[in-house]
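Here's the structure, in structure tokens; my notes come after.
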Amino acid sequence: MKTLTRKFYKRDPVQVAKDLLGKILVYRMNHEEISGRIVETEAYVENDIASKTLSRRKVFGQLTSQNCGTTFIYMVHGNWLLNIIAHPKGGMGGVLIRAIEPIRGIETMKKNRNVENQRNLTSGPGKLTKALAITNELNKTDVARIDAKIAIIEDDPATFEIGSSHRIGVTHDLPQELRFFIKANRYVSKP
DNA sequence: AGGAAGATCTACT
DNA sequence: GTAGATCTTCCTA
């Protein structure tokens, strides 16, 4: 079990989004460790940030920072969305974590979400932040640090097929497909 | 003040 | 499976 290094995040956001699939997201709470496998991501690239929709949001300026490998958390429709800043040197971009497959701390997640259906627990960007109790207090957390509250670690290399599609809910999407997910995984928000 | 937003829940057909 | 209400923050007028 190894934490992903900062170098991992200093690459093309699209590549990072694909490579994050299958990795384990760990949230270290006070006395408990909650974890889940990342099964769905979306890439946010330079063109997005320049787009009209996104420039409305001041917070996106954070994506242009140098802080690769830190969290970027913002609120949309009453949900917190968890992103990891990732881009080559001098560029801008990030990766949105859209869904995870619960591994540890499932009872805590159920309590946070107030639902019993495990499949419905973390199968969406707003759902997973609620399940892990992630709020903007954790904005700018450095996930490349070994002792960070939120960490992303390697797992045994798993074999799975990566599917792709256009992003979900985006009103001004780009021509290319920037959403990636593990095929045939039940925790993907939308197949 | 008003609206829109990279979403979700609930209640139906 | 789809439709409508509701969520909170930020932008525009």
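We name chains A, B, ... by the order of the sequence lines, and we start the count at 1 in each one.
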Report task. Spell out, yes or no, whether A/Ile168 and A/Leu174 are grouped together once hydrophobic residues are joined by side-chain heavy atoms under 4.5 Å, including indirect joins. Result -> no
Query raised in the report: Below 4.5 Å, heavy atoms only, C-beta onward: do A/Met75 and A/Asn136 meet side chain to side chain?
Result: no
Query raised in the report: Of the nucleotides B/dC9, C/dT8, C/dC7, which has the atom closest to the A/His77 side chain?
Result: C/dC7
Query - Length of the NZ-P vector between A/Lys127 and C/dC7, whole Å - result: 18 Å
Report task. Rounded off to whole Å, could you give me the CG-to-C1' distance for the A/Leu81 and B/dA7 pair? Result -> 8 Å
Report task. Figure out the NZ/P separation between A/Lys190 and C/dT2, and round it to whole Å. Result -> 9 Å
**Report entry** Side chain of A/Met75 (C-beta onward), nearest among B/dA7, C/dT9, B/dC9
**Finding:** C/dT9
Query raised in the report: Taking CG from A/Leu96 and P from B/dA5, how many angstroms apart are they, rounded to a whole number?
Result: 17 Å
Query raised in the report: Does the side chain of A/Arg179 come under 3.5 Å of the side chain of A/Ser165 through a donor N or O and an acceptor N or O?
Result: yes
Query raised in the report: Just how far is it from atom CG of A/Asp19 to atom CZ of A/Arg11, taken to the nearest 0.5 Å?
Result: 4.5 Å
Report summary line: Parsed dot-bracket for DNA chain C after applying the Watson-Crick and G-U rules with both distances under 3.5 Å and | for other-strand partners is ||||||.|||||.
Query raised in the report: When the distance from NZ of A/Lys130 to P of B/dC9 is rounded to whole Å, what number comes out?
Result: 7 Å
Report summary line: Per nearest nucleotide of DNA chain B, the residue lying toward the 5' end, A/Val170 or A/Asn120, is A/Val170
Report summary line: To the nearest angstrom, the CD1-C1' distance between A/Ile97 and B/dA7 comes to 17 Å
**Report entry** Euclidean distance, atom CG of residue A/Asn79 to atom C1' of C/dA5 [Å, nearest integer]
**Finding:** 14 Å
Query raised in the report: Do any side-chain nitrogens or oxygens of A/Arg113 fall under 4.0 Å of OP1 or OP2 in B/dC9?
Result: yes
Query raised in the report: Mind checking whether A/Lys127 and A/Val115 have side chains closer than 4.5 Å, heavy atoms only?
Result: no
Report task. Return the set of residues passing salt bridge (Lys or Arg N to Asp or Glu O under 4.0 Å) with A/Arg186 (not counting sequence neighbours), or none when no residue passes. Result -> none
Query raised in the report: C/dT9 C1' sits how many Å from A/Tyr74 OH, rounded?
Result: 12 Å
Query raised in the report: So, A/Lys130 versus A/Asn79: side-chain donor-acceptor pair below 3.5 Å or not?
Result: no
